[in-house]
Visitor: 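Below is the structure I would like to discuss, written out as structure tokens.
Just so you know, ligand 1 is whichever comes first in the structure, and atom 1 is the first atom listed for that ligand. Values below: all heavy atoms of this structure, side chains included; hydrogens, waters and symmetry mates excluded.
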Amino acid sequence: MNHIDHFQEKLDALKLQGQYRQFKANLSSEFILQREGKPLINLASNDYLGLAGNLALREAFFDQLPNEQRHLSASSSRLLTGNYPAFEQLEREMSQAFGRSVLLFNSGYHMNIGILPALSDSKTLILADKLVHASIIDGIRLSSAKYLRYRHNDLVQLKQFLEKYQEDHEIERIIVVTESIFSMDGDEADLKALVTLKAQHSKVLLYVDEAHAIGVRGERGLGCAEQYDVLDQIDFLVGTFGKALASIGGYIVCHETIRNYLINFMRPLIFSTAQPPISAAWTQFVFQHMQSLSAERTHLAHLSSYAWQGVQALGLDCPSTSQIVPVILGEAKRANAVAEMLQDQGYYVLPLRPPTVPQNTARLRICLNQNVQQQHMVALFEYLRQWL
Ligand code: PMP
């Protein structure tokens, strides 16, 4: 058989199912996108605080960074010659804010595929929420741990697993893994309850991914862990800079010993060129700035709650408690068609389809950001009300 035909047939099958992916031209994190000369409001980006599209902030950054510090490549891993001051400065600054050690990674994906394999062995059990991000699943698969998924946010089932495995002599450590704000439904884990469960089970360590909460939640924007006052009780508090922080990279807040352990055992950290130091310098600049953006966080919270009500008024379930607002429509083709119609009306909303989301839950995902105003939402929901 012709090998290319084999791969093309698989792609054709995806097209038939409405699940074919392709890059789109000329998109960015700007709030107003241009498509064929027509403006579109960006409701698909993770630039929740509108900082990636903020030209004045970018200019202020370059104004204070001398050219000799604008390093565009680290040229090696941090363990060789790539440990530029920008990385250590950012870690120091974050460590002061969070009150524990911090270690940086090239991306959130590297972070999630690297930490769990480094920390687990065959006597480790990973208990992961059914809806954790693909990068966490890949990390679990690369690890030598045993693993089970508990039903999404079902802490009753999680408790049953914990009680069973707490008594199992083959298991020394149980790592419970969740996101704080979930990327598909925009709902959130009950961090306080998870911390209580941890306190009742001596084998438990908590791993919480704050990718969609850093910058958005908490008085200083440190995430749900700050908001619910459990910053120091989550063993592995991780997040990414690619969303509200308008940069690139991942981080862990943890005990210093864990930091040292990861530096010695985490393969994506050891064997990959560190990110460009200028990116870390920019992350630090944004990290400082975002801590003061409480008014923006409040605006986003109000807007989010308006959008949940809009979805409910359509007679649909709205699991969201955050700025990520799904409009669950069922079939992939329907989600594609409604997204297209919204785009024609000037709203850049994207459909999410299986396998990214479970079968029959294809949806529009509205990602709100600080630049969106209530009147944008009023008009968008008026269209949806007419069509659905
Ligand atoms: N964790 C979660 C929950 C995410 O949603 C994502 C990205 N969508 C990642 C990790 C990966 O982060 P990055 O984009 O920085 O690789």
Visitor: Flag T240 as yes when one of its N or O atoms lies below 3.5 Å from any N or O atom of ligand 1, and as no otherwise.
Guide: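 N/O-N/O distance below 3.5 Å does not exist for this pair.
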Visitor: Would you call the rings of F87 and Y84 parallel, tilted or perpendicular, taking 30° and 60° as the class edges?
Guide: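 Perpendicular.
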Visitor: Write out the residue and atom name of the closest protein heavy atom to atom 7 (C) of ligand 1, then the distance separating them to 0.1 Å.
Guide: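 Answer, as residue, atom name and distance: K243 NZ, 2.8 Å.
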Visitor: Is there a nitrogen or oxygen of E179 sitting under 3.5 Å from a nitrogen or oxygen of ligand 1?
Guide: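 N/O-N/O distance under 3.5 Å: no.
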Visitor: Using a 4.0 Å cut-off to any heavy atom of A211, which atoms of ligand 1 qualify?
Guide: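 This gives 1 (N), 2 (C), 3 (C), 4 (C) as the contact atoms.
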Visitor: Under 4.0 Å from a heavy atom of Y109: give me the atoms of ligand 1 that qualify, with their elements.
Guide: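 Going through ligand 1 atom by atom, the ones under 4.0 Å from Y109 are 11 (C), 12 (O), 13 (P), 16 (O).
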Visitor: So, E93 side chain and A97 main chain: donor-acceptor pair closer than 3.5 Å or not?
Guide: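 Absent.
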Visitor: Fit a plane to each ring of Y347 and Y383, take the angle between them on a 0 to 90° scale, and name the class: parallel (under 30°), tilted (30 to 60°) or perpendicular (over 60°).
Guide: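 The arrangement is perpendicular - the two ring planes meet at more than 60°.
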Visitor: Using 0.5 Å steps for rounding, measure from the CD atom of Q17 to the CG atom of D12.
Guide: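 So the gap between those two atoms works out to 11.0 Å.
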Visitor: Tell me whether H110 reaches ligand 1 (any heavy atom closer than 4.0 angstrom to a ligand atom).
Guide: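 It does not, in that no heavy atom of H110 comes within the 4.0 Å cut-off of ligand 1.
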Visitor: Side chains of Q374 and Y306: any donor to acceptor distance under 3.5 Å?
Guide: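 There is no such pair (donor and acceptor under 3.5 Å, judged by atom type) between the side chains of Y306 and Q374.
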Visitor: Within the 3.5 Å criterion, strictly below it, is a donor on D185 or H152 matched to an acceptor on the partner's side chain?
Guide: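 Absent: no donor and acceptor within the cut-off.
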Visitor: Among protein heavy atoms, which sits nearest to atom 1 (N) of ligand 1, and what does the distance come to when rounded to 0.1 Å?
Guide: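 For this ligand atom, the closest protein heavy atom is D209 OD2, 2.6 Å.
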Visitor: Does a donor on one side chain sit under 3.5 Å from an acceptor on the other, for R363 and T361?
Guide: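 Indeed, the side chains of R363 and T361 share at least one donor-acceptor pair under 3.5 Å.
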Visitor: For atom 5 (O) of ligand 1, what is the nearest protein heavy atom, given as residue, atom name and distance?
Guide: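 Answer, as residue, atom name and distance: H212 NE2, 2.7 Å.
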Visitor: Kindly check if the number of other-residue, nucleotide or ligand heavy atoms within 6.0 Å of CD (E170) is above 12?
Guide: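 Counting other residues, nucleotides and ligands, CD of E170 stays at 12 neighbours or fewer.
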Visitor: Identify, for atom 9 (C) of ligand 1, the protein heavy atom at the shortest distance, and state residue, atom and that distance.
Guide: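 Of every protein heavy atom, H133 CE1, 3.7 Å lies nearest to atom 9 (C) of ligand 1.
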Visitor: Among all protein heavy atoms in this structure, tell me which lies nearest to atom 15 (O) of ligand 1, with the distance rounded to 0.1 Å.
Guide: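 Of the protein heavy atoms, G108 N, 2.8 Å lies nearest.
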Visitor: Quick one: does G250 get a heavy atom under 4.0 Å from ligand 1?
Guide: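 Under 4.0 Å: no for G250.
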Visitor: What atoms of ligand 1 come closer than 4.0 angstrom to any heavy atom of N112?
Guide: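 Listed by number with element, the hits are 1 (N), 10 (C).
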